[in-house]
Every structure is written in C-alpha cells, then in structure tokens.
Amino acid sequence: MPERIMIEGGVPLRGEVTASGAKNAALPLMAASLLMPGKMVLENVPDLRDVRTMKKLLEHLGVRCEGDGTLSLDSARTGNCEAPYELVKTMRASVLVLGPLLARFGQARVSQPGGCAIGARPINRHVAGLEAMGATVYLEHGYVVARADRLRGAQIVFEAPTVTGTENLVMAGVLAEGETVLLNAAREPEVKDLADALNLMGARITGAGTAEIRIQGVTSLTPATYTVMPDRIETGTYIAAAGITGGDVTVRHCVPDHLRAVIEKMKKAGIDIEEGEDWIRARCGNGIKAADVITDPFPGFPTDMQAQFMALMTLSDGLSSVTETIFEQRFMHVPELCRMGADITLSERHAAIKGVRSLSGAPVMATDLRASASLVLAGLGATEGVTEISRVYHLDRGYEDLDNKLAGLGARIWRTGG
Ligand code: EPZ
C-alpha cells in the first residue's frame, strides 16, 4: 500500500517549532559547488527528497558528497558535464547545474526540463542570458547543449524576473570575463543567499536581493563553509497551521523580514502576529477573516504560499479571492479542497473562496509540493472525519519531517503504508 498521511483535525496547535534550512536556497548552493575545485561545506542543509536528488546529480557529475545536515561537496574530480533525463525529470531545479558547468568547463549538456503540474515552465530566459554571454546553445534530443571557451560579461534584461534563471546567470557570471549586469532580476532572499555564499568564496557580486545585480568575473573561487538560510515558505506554512486550527505557534530560527507580505496578509486574515529577530509567534483565537491575495515575485506575496493561504480562506468568515500571476496551472489543490467541503469557484487565474463553517476529512490526492501542504492544513482544520492524503512524496520533496513537527505541536497526524 503506498504511503499516506492521515490527519484527525480540530486540534488547536500549540508550542514551538524550528524552521529548517531552505530547499530553494540549498539547491542552488549545492550546484554552486561545481564552480570550484576543493571542498565546499554547507551547514543547515534540510533532509529533503529534492536535496537527495541534487546530491545524486552532483555525484553523477563527479562531485564527492558527504554528510547530510552538514554537507561537504568536493568537485575536484568533476569531469562529466551531462545532467541526464532520468534525474532532471524528477526535479526541474537540476537546471541549476547549467550555468556553473558552462562557466567552469566551457560545456554543459542538461536534459531540458519538461513541464510540471503547475505550468509549462520554459527556460528560455536562462538560455537567452547564456547566449548573451557568448555561449552557443542548442537543443539536441531533448538536451540543452551549451558551449563557450570562456563566457563574457554582458548586460541582460529579463523580460520578467526568474528565480533560477537569475541564479544560473549569477553563477555563470562569477567566472566570466568582465562584468555581467542582470536587470529586472529576481529579488528573492534565496538569490541573495547564493550571492552571499559566492562572495565569501571570492566572487564579486553586488546588488543581490535587488532588481539590478552586478557580477565582476574572477578567475577562480576558494571553497568555504556556508550556512543555508531558514525556509521562509515552511515558516509561512506553520503560521497558516496556527491560523486554521485556532492555535498558538512560535516558529523559531526564521527571518521575519523574508515574510513581510505573508505576515501582512495573515494579519488581515485575523491572525495575531508577534515577531523577534529570528522568531514569529502566530495566534488565532477569533476565527479567520476573509482576505484577498495576488501572488507576485518577491517582495510580493509568494506563489509558494498561495495554496496554503487558500486552505486558510476556506474557513473564513466571508468571500475572498486568490489570484495566481506566476504559474498558469497552480490550482490543482482546488478540487481536492472541495472534496473536503470547501466552496471554491475557479475562473482562469482567479479563485473565489466562500468561507464555510467546517471542513470534513476525506481521501485526497497531492499533486505538487505546495498543493500537498494545503491539504495537510485543510486536514488539520477539518473538525470531523479523517483526512487521508496520498502521493505524499510530493510533500517530502520540500518539507523536512512535517508530520513529526506538527505532531510536536499537538496535531493528530500519522503516516501509514509505504
Ligand atoms: C523558483 O522556480 C522556485 N524553485 C519555485 O518554487 C517558485 O515557485 C518560483 O521560483 C517562483 O517564486 C526553486 O527555487 C528551486 P521562475 P523557478 O523561473 O525559478 C516563467 C516550490 O514550491 N519563466 O521564477 O523555476 C515561468 O514559467 C517551487 O518550492 C519563463 O517563461 O521559477 C513562471 O511562469 C515551485 N522562462 C515564471 O517565469 C524562463 O526562462 C517564474 O518562474 C524562466 C521562467
């Protein structure tokens, strides 16, 4: 019987939980190890399915990976420049090896990531940027093949921000000749985390975290030890868990400034938020208020919190709307939430959510990482019946030990099968 997560809801969550390292920071940081021979060490690496996939890919490329939470990556003997379909198809973020391989070895052959549950997700902006830096890039048998003796610095204007596109070109620019300027770049904290780590290893990057990033090429980098930033989306998910159960949860070891837009919306939804330097306390004693959300690149409301916020709105005191502007197909959780009694109407990229008095437990199916988190939240909020979530491998891709962490807050949650 495949593994499932079972939840008996209706319990107000109480207590403290610690945020793990961020998946979307750890993956580009691991790929960055390809830029330099020698042992790079990452601390606070989350134990996730996607991290294990990136490890497998790096080992396939010749990187020696040792450890888990503290991970050492030695790419002194890296020589293979091909990222195979078998690995890339399981994780789109594998495309993050394209920039570093090309920058260090002058060649890369990376399986073109296909579409995924949330959208087509092309990589044309990654490719256009590498071409502007002098690379020859073509598609061959489903593989993106890129070649360049040495990349040259260039000015690149993104038609719209792209997170991994920005990260790929930052890594390519680090070893390029001259200066690379990225305009309309992604401003996500994970991009800044990558740049901070590379600067620690001798890179010359300024402006990361803003829309204009400048990278002065250097000839080599020196590996060092770096600590991965906390996961802001995991933190936001726990805040929503406090809200949907009417609980009182403190998330430790997080960065409130990474969650400004989320905190503002949670307050609008009736959740009392207190914060300190590295903690956030979320309490919800008077029910959930309807609030509208439009997703946007950072510092806007993150698309990776959209499904979780929608779950919260299913139990609000009125009508709310959620508009998804980043991905064209990120409402796969809606029919599953409706199976639990939610009242949601979809039209293109808009969802109208009419708050209901209660949700009931039901068998539901996870379709992607954040959709599965919204089903867990709905299960915690359901006051009668047991929710049975299948395809939990989606959840394990991006949440470290979620069910045990929730059980530590008093949730009635357990795994079965598998
Ligand atoms: C990153 O994906 C994250 N993944 C995603 O998190 C996140 O949802 C997304 O950024 C947006 O915040 C990682 O960091 C590993 P984009 P990425 O390129 O970089 C279009 C999660 O749940 N686009 O910023 O792939 C694209 O189709 C995951 O943890 C192009 O058209 O996202 C999308 O509509 C899911 N051409 C938009 O831009 C390109 O070349 C933003 O995508 C690149 C992107």
Side-chain angles (χ1 to χ4, degrees), residues 20-32 46 48-51 53-54 57 88 90-99 110 112-132 137 139 144 156-171 182 184-194 211 228-229 231-237 258 261-262 295-309 324-330 332-333 349 366-374 394-400 402:
S20 301
K23 167 181 81 82
N24 291 347
L27 298 176
L29 284 164
M30 291 169 72
L48 301 171
R49 198 185 165 96
D50 276 7
V51 165
T53 304
M54 183 59 89
L57 175 56
V88 175
T90 63
M91 181 184 70
R92 299 180 48 73
S94 309
V95 73
L96 285 162
V97 302
L98 181 59
V110 176
Q112 168 135 340
C116 87
I118 64 177
R121 304 182 72 180
I123 57 165
N124 55 313
R125 296 178 206 149
H126 303 229
V127 170
L130 293 173
E131 287 175 331
V137 187
L139 195 61
V144 176
I156 295 157
V157 185
F158 289 112
E159 61 189 286
T162 158
V163 177
T164 50
T166 300
E167 293 163 345
N168 243 332
L169 297 181
V170 163
M171 291 189 278
L182 303 179
N184 199 23
R187 300 157 59 180
E188 271 67 5
E190 293 79 12
V191 173
K192 180 147 185 337
D193 209 37
L194 173 67
V228 178
M229 62 174 258
D231 197 315
R232 61 193 171 101
I233 305 299
E234 183 201 24
T235 301
T237 304
H258 290 171
V262 173
T295 64
D296 215 8
F298 192 88
F301 190 93
T303 171
D304 294 348
M305 275 298 299
Q306 179 255 97
Q308 298 94 312
F309 194 80
E324 176 55 57
T325 70
I326 309 287
F327 293 107
E328 64 273 22
Q329 230 173 270
R330 203 166 203 180
M332 303 289 277
H333 41 285
R349 293 191 181 211
T367 48
D368 62 79
L369 169 58
R370 308 304 171 183
S372 46
S374 79
H394 284 293
L395 199 72
D396 296 334
R397 293 190 56 175
Y399 286 94
E400 184 175 53
L402 182 75

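Note that ligands are numbered from 1 as they come in the structure, with each ligand's atoms numbered from 1 the same way. Every heavy atom of this structure was used, including side-chain atoms; hydrogens, water molecules and symmetry mates were not.
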**OP:** Would you mind finding which of Leu27, Ile233, Asn24, Ile123 brings a heavy atom closest to atom 3 (C) of ligand 1?
**Re:** Asn24
**OP:** Name the closest protein heavy atom to atom 22 (O) of ligand 1, giving the residue it belongs to and the distance to 0.1 Å.
**Re:** Arg370 NE, 2.8 Å
**OP:** Before signing off on this row, confirm whether Glu167 and ligand 1 have an N or O atom pair separated by under 3.5 Å.
**Re:** no
Original post:
Do Thr164 and Asn168 touch side chain to side chain, with heavy atoms closer than 4.5 Å?
Top reply: no
Original post:
Is any N or O atom of Pro122, backbone or side chain, closer than 3.5 Å to an N or O atom of ligand 1?
Top reply: yes
Subject >> Sub-4.0 Å heavy-atom approach of Glu324 to ligand 1 >> reply: no
Original post:
To the nearest 0.1 Å, how far is atom 34 (O) of ligand 1 from its closest protein heavy atom, and which atom is that?
Top reply: Ile326 O, 2.6 Å
Original post:
Taking only residues two or more places apart in sequence or in another chain, which ones pass ring-ring contact (aromatic ring centres under 6.0 Å, His included) with Tyr399?
Top reply: none
Original post:
Hey, which atoms in ligand 1 end up nearer than 4.0 Å to a heavy atom of Thr303?
Top reply: 8 (O), 11 (C), 12 (O)
Original post:
Of the protein's non-hydrogen atoms, which lies at the shortest distance from atom 36 (N) of ligand 1, and what is that distance?
Top reply: Asn124 OD1, 2.6 Å
Subject >> Part of Leu369 with heavy atoms under 4.0 Å of ligand 1, whether side chain, backbone, both or neither >> reply: side chain
Original post:
Can you tell me how far the NZ atom of Lys192 sits from the CZ atom of Phe298, to the nearest 0.5 Å?
Top reply: 11.0 Å
Subject >> Protein residue, atom and distance nearest to atom 19 (O) of ligand 1, heavy-atom basis >> reply: Thr164 OG1, 2.6 Å
Subject >> Closest protein heavy atom (residue, atom, distance) for atom 24 (O) of ligand 1 >> reply: Val163 N, 2.8 Å
Original post:
For ligand 1, which atoms, with element, lie under 4.0 Å from some heavy atom of His126?
Top reply: 40 (O)
Original post:
Among protein heavy atoms, which lies nearest atom 18 (O) of ligand 1, and at what distance?
Top reply: Thr162 OG1, 2.6 Å
Subject >> Residues which pass salt bridge (charged side-chain N to carboxylate O under 4.0 Å, His left out) with Asp396, listed by chain and number, not counting sequence neighbours >> reply: Arg415
**OP:** Examine the proximity of ligand 1 to Met305 and report which part, side chain or backbone, both or neither, has a heavy atom under 4.0 Å away.
**Re:** neither
**OP:** Considering only non-hydrogen protein atoms, determine which one is nearest to atom 32 (O) of ligand 1 and report residue, atom name and distance to 0.1 Å.
**Re:** Phe327 CZ, 4.0 Å
Original post:
For Ala93, is at least one N or O under 3.5 Å away from an N or O on ligand 1?
Top reply: no
Original post:
For ligand 1, does Lys23 get within less than 4.0 Å through its side chain, its backbone, both, or neither, judged by non-hydrogen atoms?
Top reply: side chain
**OP:** For side chain to side chain contact (heavy atoms under 4.5 Å, CB included), just list the numbers for His333 and Gln306, CA-CA rounded to whole Å, side-chain angles, deciding distance to a tenth of an Å, and then say yes or no.
**Re:** CA-CA 10 Å; His333 41 285; Gln306 179 255 97; 3.0 Å; yes
Original post:
What are the atoms of ligand 1, with element, lying closer than 4.0 Å to any heavy atom of Arg330?
Top reply: 8 (O), 22 (O), 35 (C)
Original post:
Can you name the one residue among Thr295, Asp296, Thr325 that meets side-chain contact (heavy atoms from CB on, under 4.5 Å) with Thr303?
Top reply: Thr295
**OP:** Begin with the C-alpha distance, continue with both residues' side-chain angles, and end with the deciding distance and a verdict on side chain to side chain contact (heavy atoms under 4.5 Å, CB included) for Leu194 and Met171.
**Re:** CA-CA 9 Å; Leu194 173 67; Met171 291 189 278; 4.0 Å; yes
Original post:
Do Leu27 and Asp50 touch side chain to side chain, with heavy atoms closer than 4.5 Å?
Top reply: yes
**OP:** Flag the pair Lys23 and Glu234 as a salt bridge only when some basic side-chain nitrogen lies within less than 4.0 angstrom of an acidic carboxylate oxygen.
**Re:** no
Original post:
In Å, rounded to the nearest 0.5 Å, how long is the span from CE of Met54 to CZ of Arg49?
Top reply: 15.0 Å
Original post:
Can you tell me how far CZ of Arg397 sits from CG of Asp368, rounded to the nearest 0.5 angstrom?
Top reply: 9.0 Å
Subject >> N/O separation below 3.5 Å, Asp304 to ligand 1 >> reply: yes
Original post:
Which is closest to atom 20 (C) of ligand 1 in terms of heavy atoms, Arg121, His394, Arg125?
Top reply: Arg125
Original post:
Which distance, rounded to the nearest 0.5 Å, do you find between the CD of Gln308 and the CZ of Arg370?
Top reply: 6.5 Å
